[in-house]
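All values below were derived from every heavy atom in this structure, side-chain atoms included, with hydrogens, water molecules and symmetry-related copies excluded. Chain letters run A, B, ... following the sequence lines, proteins first and then strands; every chain starts at 1. Note that the structure is predicted; figures quoted are calculated from it, not measured.
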2 protein chains.
Amino acid sequence: MAASNILEQPFINITNIIWSFDHTTNRVNILLVKRDNQPYNGYWALPETFMRFQESADEAALRLVKEKIGMALSGSHTEQLATFTNKLRTPGDRTLSLAYMTFLPDKPQLKAGYGASDARWFSMGYADNCYTFSDGQQTFQTAISSTETMFYAKFAKANLDPTKHLAFDHEWILKIACDRIRNKLDYQPNILLVLGAKFTLKDARMVYSPFLKTPVNKIDNSNFKKSHNKLFTDMGTTTENRPGRPARVYKLAAL
Amino acid sequence: MAASNILEQPFINITNIIWSFDHTTNRVNILLVKRDNQPYNGYWALPETFMRFQESADEAALRLVKEKIGMALSGSHTEQLATFTNKLRTPGDRTLSLAYMTFLPDKPQLKAGYGASDARWFSMGYADNCYTFSDGQQTFQTAISSTETMFYAKFAKANLDPTKHLAFDHEWILKIACDRIRNKLDYQPNILLVLGAKFTLKDARMVYSPFLKTPVNKIDNSNFKKSHNKLFTDMGTTTENRPGRPARVYKLAAL
DNA sequence: AGAATAAAAGTTTTCAATACTTTTATTTTT
DNA sequence: AAAAATAAAAGTATTGAAAACTTTTATTCT
């Protein structure tokens, strides 16, 4: 732990994928920021920050959320995704990214940015090979390569168009994030925290839909209920003032 | 990315959980080293190293293997586990651990240590609450706390006995590792790489046994075969010179 | 040759996932 | 106010995989 080791170490930053849900469009969203410094100046990217000595990585991830959204956020949940260390991931100095995911309830308004010229919510969709994220003007997508080696080999050679591609290896990070969420849908669907404290089965199916690459009405409500009754707790209330039979209201069961 | 940021960053090290299999005892093993520097001097620990600027984290993890085992290792496989960043995890300076797992075929002989006074294989067992690792003299176990917060709260207060506890938060890291392996047993059992290129169903069940906390003969061979026939490929050969009906030989199916 | 051993192979039972149908509770329209 | 439309709950039937258990086969040991 001698001081001479310090300079030999790579830089560390925290990347946070911030998820939310728009109740008017019924769409899952992520937050992207437009970079206004080098490298990848002018590119859209996942929010990032350098880690400070006194804070834990989780705290740094939450700091990113506060900078973009402002105010204390009750009901949000942050979890680790993975650490990205590939040598090809940054053009200059080596930088590791500790990636986190935060699930925000509902879809908070965004504040004026810090270190970014713009910040917007991008709503999630899906294609055959990947997931898509669009703000109405531009659409970005997750990496298509299936292995890390394949992704970085292509990535290192490419000269990316900033209107079509995210900065750094963020398309890869986003792919890993979506895959992780999809894998946990059956046993620990933390992504549902974007719905807030309570939700209906329809709400939950709206969130599942893009991850499963299936339209909501193809996800059978009855079967969905049966296969999730250990994970969801019936709150005893129902929705009101909506066409059709009132829907029961659920919350995530405590682990 | 100014130089002033460097000193504000925590230290990074690589921790590697190195798994192997002893074909004479039919037991899964991990490598532990006895530390001979501060902090935790004299404690048994998972192999660790500082990360060098030029290498990727995976390469650093492999360097640890080479230092302990020597020689090039064909058929070994390294994968990322998680990054440990809790503020309470190191007593002095903040140090992050990027944890990896390496699955070595069979059980290589150990070389004289680098930066450790001893290095030994510890064979895996299980108890009600945890997994155990013993070299015949001492037995260590994985953390019993079920959440990170609970673990570090206890850990920060405790004054650990070096004959009963591992250095740092390594009991927690080891718990996360065992849980991860158990969860992947049904769809990506990379842990079977400790058996080498080919194995029988009995071999595979011997590896599964401690993770499932079930004696081998309670894991039904017939059912085991059926539920793994997509994951295993029959190599067409059988074992020889052993009592009983010859066993078919399998390999891991390519993902 | 016969016993012991160990694994493959087969059979039955159970349970959960999936597909599909009916009923119920509300709003909207006439 | 009755009828239609809507949307969700609730129920039923089918399928398939996991688990429990039994039988058969191939080898070594005595």
Side-chain angles (χ1 to χ4, degrees), chain A residues 23-27 182-189 192 195-196 198-209 211-251 253, chain B residues 23-27 182-189 192 195-196 198-209 211-251 253:
Chain A
H23 282 280
T24 62
T25 61
N26 283 321
R27 292 279 218 127
R182 182 173 37 70
N183 280 327
K184 288 180 110 181
L185 247 31
D186 287 335
Y187 65 99
Q188 203 186 90
L192 292 178
L195 293 170
K198 48 196 185 179
F199 54 84
T200 65
L201 294 182
K202 182 77 166 276
D203 292 335
R205 282 156 50 216
M206 304 276 344
V207 172
Y208 277 48
S209 167
F211 292 100
L212 298 174
K213 299 188 176 178
T214 308
V216 219
N217 51 30
K218 287 275 173 86
I219 306 174
D220 185 277
N221 195 65
S222 185
N223 295 332
F224 186 79
K225 182 182 179 179
K226 276 181 249 167
S227 56
H228 287 82
N229 65 0
K230 283 143 208 154
L231 298 172
F232 299 169
T233 308
D234 189 335
M235 298 192 73
T237 55
T238 52
T239 53
E240 280 172 24
N241 303 323
R242 297 215 247 145
R245 177 169 177 171
R248 280 166 184 267
V249 175
Y250 296 86
K251 63 176 179 180
Chain B
H23 281 281
T24 62
T25 62
N26 282 323
R27 295 278 219 129
R182 182 173 36 71
N183 280 327
K184 289 180 111 181
L185 248 31
D186 286 336
Y187 64 99
Q188 205 187 88
L192 291 179
L195 292 171
K198 48 195 184 179
F199 53 85
T200 66
L201 295 182
K202 182 77 166 276
D203 292 335
R205 282 156 51 216
M206 303 276 344
V207 172
Y208 276 48
S209 168
F211 292 99
L212 298 174
K213 298 187 177 179
T214 308
V216 219
N217 51 30
K218 287 275 173 86
I219 307 173
D220 185 277
N221 194 67
S222 185
N223 294 334
F224 186 81
K225 182 181 179 179
K226 276 180 249 166
S227 56
H228 288 82
N229 66 359
K230 283 142 208 154
L231 299 172
F232 299 168
T233 309
D234 188 334
M235 298 192 74
T237 54
T238 51
T239 53
E240 279 171 26
N241 305 322
R242 295 216 248 143
R245 179 171 174 169
R248 279 165 184 269
V249 174
Y250 296 86
K251 63 175 177 180

Rounded to the nearest angstrom, tell me the gap between atom [atom1] in [X] and atom [atom2] in [N].
X	N	atom1	atom2	result
Leu212(B)	dA19(D)	CG	P	10 Å
His228(A)	dA9(D)	NE2	C1'	17 Å
Phe224(B)	dA8(C)	CZ	C1'	15 Å

I'd like a list of close polar pairs between nucleotides 4-8 of chain D and the protein, N/O only, cut-off under 3.5 Å.
from   : atom 1 : to        : atom 2 : distance (Å)
dT6(D) : O2     : Gly244(A) : N      : 3.4
dA7(D) : N3     : Arg245(A) : N      : 3.2
dA8(D) : OP2    : Lys202(A) : NZ     : 3.4

| said: Less than 4.0 angstrom between a side-chain N/O of Lys225(B) and OP1 or OP2 of dA9(C), yes or no? | reply: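 Looking at the OP1 and OP2 atoms of dA9(C), one of them is under 4.0 Å from a side-chain N or O of Lys225(B).
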| task | Could I get the full list of salt bridge (Lys or Arg N to Asp or Glu O under 4.0 Å) partners for Asp234(B), not counting sequence neighbours? | result |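 With neighbours one apart ignored, the set is Arg248(B).
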Taking atom [atom1] of [X] and atom [atom2] of [Y], what is their separation to the nearest 0.5 Å?
X	Y	atom1	atom2	answer
Asp203(B)	Thr239(B)	CG	OG1	9.0 Å
Tyr250(B)	Lys225(B)	OH	NZ	4.0 Å
Lys251(B)	Met235(B)	NZ	CE	5.0 Å

Going by heavy atoms in the side chains, are [X] and [Y] under 4.5 Å from each other?
X	Y	answer
Leu231(A)	Gln188(A)	no
Phe199(A)	Val207(A)	no
Arg242(A)	Thr200(A)	yes

Look for any protein N or O under 3.5 Å of an N or O in nucleotides 12-18 of chain C and output each such pair with its distance, or none.
from    : atom 1 : to        : atom 2 : distance (Å)
dT18(C) : O4     : Lys226(A) : NZ     : 3.4

| field | Of Glu240(A) and Ser222(A), the one whose closest DNA chain C nucleotide lies more 5' | value |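 Nearer the 5' end of the strand: Ser222(A).
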| message | Here's a test of your reading of the structure: between Asp220(A) and Asn241(A), which maps to the more 5' nucleotide of DNA chain C? | response |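 In this pair, the answer is Asp220(A).
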| said: If you count every heavy atom of other residues, nucleotides or ligands that lies below 6.0 Å from Lys184(A) atom NZ, does the total exceed 12? | reply: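 Above 12, so yes.
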Please table the atom pairs, donor to acceptor, closer than 3.5 Å between any side-chain atom in residues 215-224 of chain A and protein atoms at least two apart or in another chain.
from      : atom 1 : to        : atom 2 : distance (Å)
Asp220(A) : OD1    : Ser222(A) : N      : 2.9
Asp220(A) : OD1    : Asn223(A) : N      : 2.8
Asn221(A) : OD1    : Arg205(A) : NH1    : 2.7

| request: Could you summarise the pairing of DNA chain D as dot-bracket text, marking Watson-Crick and G-U pairs under 3.5 Å with ( ) or [ ] inside the strand and | across strands? | output: ||||||||||||||||||||||||||||||
| Under the side-chain contact (heavy atoms from CB on, under 4.5 Å) test, residues paired with Arg27(A) that sit two or more places apart |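 Partners of Arg27(A) by the side-chain contact (heavy atoms from CB on, under 4.5 Å) criterion, ordered by chain and then number, come out as Thr25(A), Asn29(A), Ser123(A).
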| query | If every non-hydrogen atom of Leu185(A) is compared with every non-hydrogen atom of Phe211(A), which pair is closest and at what distance? | reply |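 Taking Leu185(A) first and Phe211(A) second, the nearest heavy atoms are CD2-CB, 3.8 Å.
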